[in-house]
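Side chains included, hydrogens not; waters and symmetry mates left out as well; all remaining heavy atoms used. Order of listing sets the numbers, starting from 1, for every ligand and every atom in it.
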Amino acid sequence: MADLLSKPLRLGVLGAANIARSFASGVAPSRTVSVAAVASRDAGKAERFAMECGIPRFHGSYEALLSDPEIDAIYNPLPNSLHAEWSIRAMEAGKHVLCEKPLAMNATEVRAMAATARRHGRHLVEAYPYRAQAQTLKLRELLDAGAIGKVQLIRSSFGVAFSDPSNIRLKPEVGGGALLDAGSYAVSLALLVAGARPERVSATARWSETGVDRSVAATLEFPSGALAQISCSFATAYHRHALIAGEAGTIETTYLNHPPLGGPPVLTIRRGTTVQSVPETIEVAPGNGFLAEAESFERLVRRGPEYWTGATLAESIDIAVTLDAILASARSGTAVSVAAEINT
Ligand SMILES: NC(=O)c1ccc[n+]([C@@H]2O[C@H](COP(=O)([O-])OP(=O)(O)OC[C@H]3O[C@@H](n4cnc5c(N)ncnc54)[C@H](OP(=O)(O)O)[C@@H]3O)[C@@H](O)[C@H]2O)c1
């Protein structure tokens with residue numbers, strides 16, 4: 001057993017996805033987790049990807065990866081529409097799963113995945129690298145210590161430009177759309193800060209020619225009385241920012257996955273309630289988010305849930321329920337009530 005734990009946790013990657021390249025290179029320096037194999041629907045593509053990324057083994061089908069006894073866990077960066085199916089198949093094959101965000105297309109799928117994880121005693125978590133970053137760990141520490149008092153307002157946004165119709169993000173049939181892509185980040189940050197799912201959601205969207213949501217703005221009402229405004233877009237210059245306003249101060253964060261170009265990651269805090277309060281910049285340690293996330297996942301699998309810094313499955317269900325409500329509100333033009341979860 002000790003010998004087993006001294007070896008890295010072996011991850012298999014489902015699909016030669018763009019994000020998997022960055023993930024594999026981020027994780028490469030780790031001594032506790034390794035990317036041990038990749039699978040593609042095309043064996044030649046898998047072989048090229050493995051060579052380019054320094055991955056020792058490859059498979060010409062996803063099924064072959066799931067039956068590989070040399071793999072402990074699966075990293076699932078497939079299009080959103082395939083997250084549920086292949087994460088479930090991976091857990092049924094005995095693998096733990098680190099699945100890209102959004103965990104699935106909707107809350108119904110996320111609940112089915114959670115039920116499979118429980119049934120098979122496997123770990124299943126949603127990949128948000130920013131949750132493993134020092135910047136976010138510091139944010140949580142400040143909020144828990146009451147540094148800005150009771151939170152009343154949250155504003156989180158994430159926008160980026162995508163216009164190539166061949167990108168999976170622009171295709172409705174594979175789960176495209178700004179909300180599930182960038183918006184899942186903005187929503188996850190708001191829920192992390194609020195510590196609960198919202199009770200009510202109102203949203204407005206602009207739609208792309210391909211039929212996916214291109215820009216979304218939403219208001220979330222939390223049981224504590226706090227309000228959040230989230231926005232996301234595929235039609236703007238890159239921006240990623242959150243402002244958290246409490247009764248005794250404010251914190252601003254970029255909730256970055258990876259350190260920014262041109263400087264260290266920081267949080268900005270203003271302590272005090274007046275315009276005279278001086279912004280204080282808190283510098284935090286830089287580090288690759290995929291590496292931090294993968295090592296946190298290894299500790300989750302081998303040591304237990306308290307070592308996982310990311311979203312718990314209950315939080316992932318809350319995120320999915322909120323994303324569902326935002327889309328429903330944007331489509332209907334009316335506010336949507338969000339039911340409390342029973343037995344999750
Ligand atoms: N956490 C983050 O920061 C972050 C960043 C980017 C993306 N993501 C997430 O990662 C996932 C993948 O994004 P990506 O940009 O890396 O995608 P991508 O480059 O388009 O790769 C998706 C892969 O899925 C496989 N696939 C299977 N069925 C497919 C189908 N019908 N259409 C297209 N591809 C199919 C393909 O692999 P094979 O051909 O090899 O089988 C393809 O390479 C998404 O869920 C996205 O939200 C997360």
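Side-chain N or O atoms of Thr322 include one that pairs as donor or acceptor with a backbone N or O of Asp318 at under 3.5 Å.
Taking distance alone, with nitrogen or oxygen atoms compared against 3.5 Å, Pro129 stays at or beyond that limit from ligand 1. Not a single N or O atom of Ala20, backbone or side chain, sits closer than 3.5 Å to an N or O atom of ligand 1.
A side-chain N or O of His241 and one of Glu252 form a donor-acceptor pair less than 3.5 Å apart. At a cut-off of 3.5 Å, with distance as the only test, no side-chain donor of Ser40 or Asp42 sits close to an acceptor on the other residue. Under 3.5 Å, the side chains of Thr219 and Gln229 contain no donor-acceptor pair of N or O atoms.
When each of Asn257, Thr253, Thr254 is paired with Arg240, the side chain to side chain donor-acceptor pair (under 3.5 Å) condition holds for Asn257 and for no other.
Counting heavy atoms closer than 4.0 Å to ligand 1, residue Asp42 contributes nothing at all. Contacts of Ile168 with ligand 1, taken as heavy-atom pairs under 4.0 Å, involve the side chain alone.
Close approach to Lys45 involves these atoms of ligand 1, each under 4.0 Å from a residue heavy atom: 37 (O), 38 (P), 39 (O), 40 (O), 43 (O).
At a 4.0 Å cut-off, at least one heavy atom of Tyr62 sits close enough to ligand 1 to count as contact. Ligand 1 is never approached by Tyr128 to a heavy-atom distance shorter than 4.0 Å. Heavy-atom separations between Glu173 and ligand 1 are all 4.0 Å or longer. Lys171 does not count as a contact of ligand 1, since none of its heavy atoms falls under 4.0 Å from the ligand. Distances from ligand 1 to the non-hydrogen atoms of Asp181 include at least one value under 4.0 Å.
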Distance-only criterion, 3.5 Å: show the donor-acceptor pairs between side-chain atoms of residues 96-106 and protein atoms not counting sequence neighbours.
| from | atom 1 | to | atom 2 | distance (Å) |
| --- | --- | --- | --- | --- |
| His96 | ND1 | His123 | N | 2.9 |
| His96 | NE2 | Arg122 | NH1 | 3.4 |
| Glu100 | OE2 | Tyr75 | OH | 2.5 |
| Lys101 | NZ | Asp181 | O | 3.3 |
| Lys101 | NZ | Asp181 | OD1 | 3.4 |
| Asn106 | OD1 | Thr108 | N | 3.2 |
| Asn106 | OD1 | Glu109 | N | 2.9 |

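One option in Trp86, Tyr185, Tyr75, Phe162 has a heavy atom closer to atom 2 (C) of ligand 1 than any other, and that option is Tyr185. Looking at Gly15, Ala127, Ala16, Pro79 and measuring to atom 43 (O) of ligand 1, the nearest heavy atom belongs to Ala16.
In terms of protein heavy-atom proximity, atom 8 (N) of ligand 1 is nearest to Glu100 OE1, 3.8 Å. Protein heavy atom at the shortest distance from atom 36 (C) of ligand 1 is Arg41 NH2, 3.6 Å.
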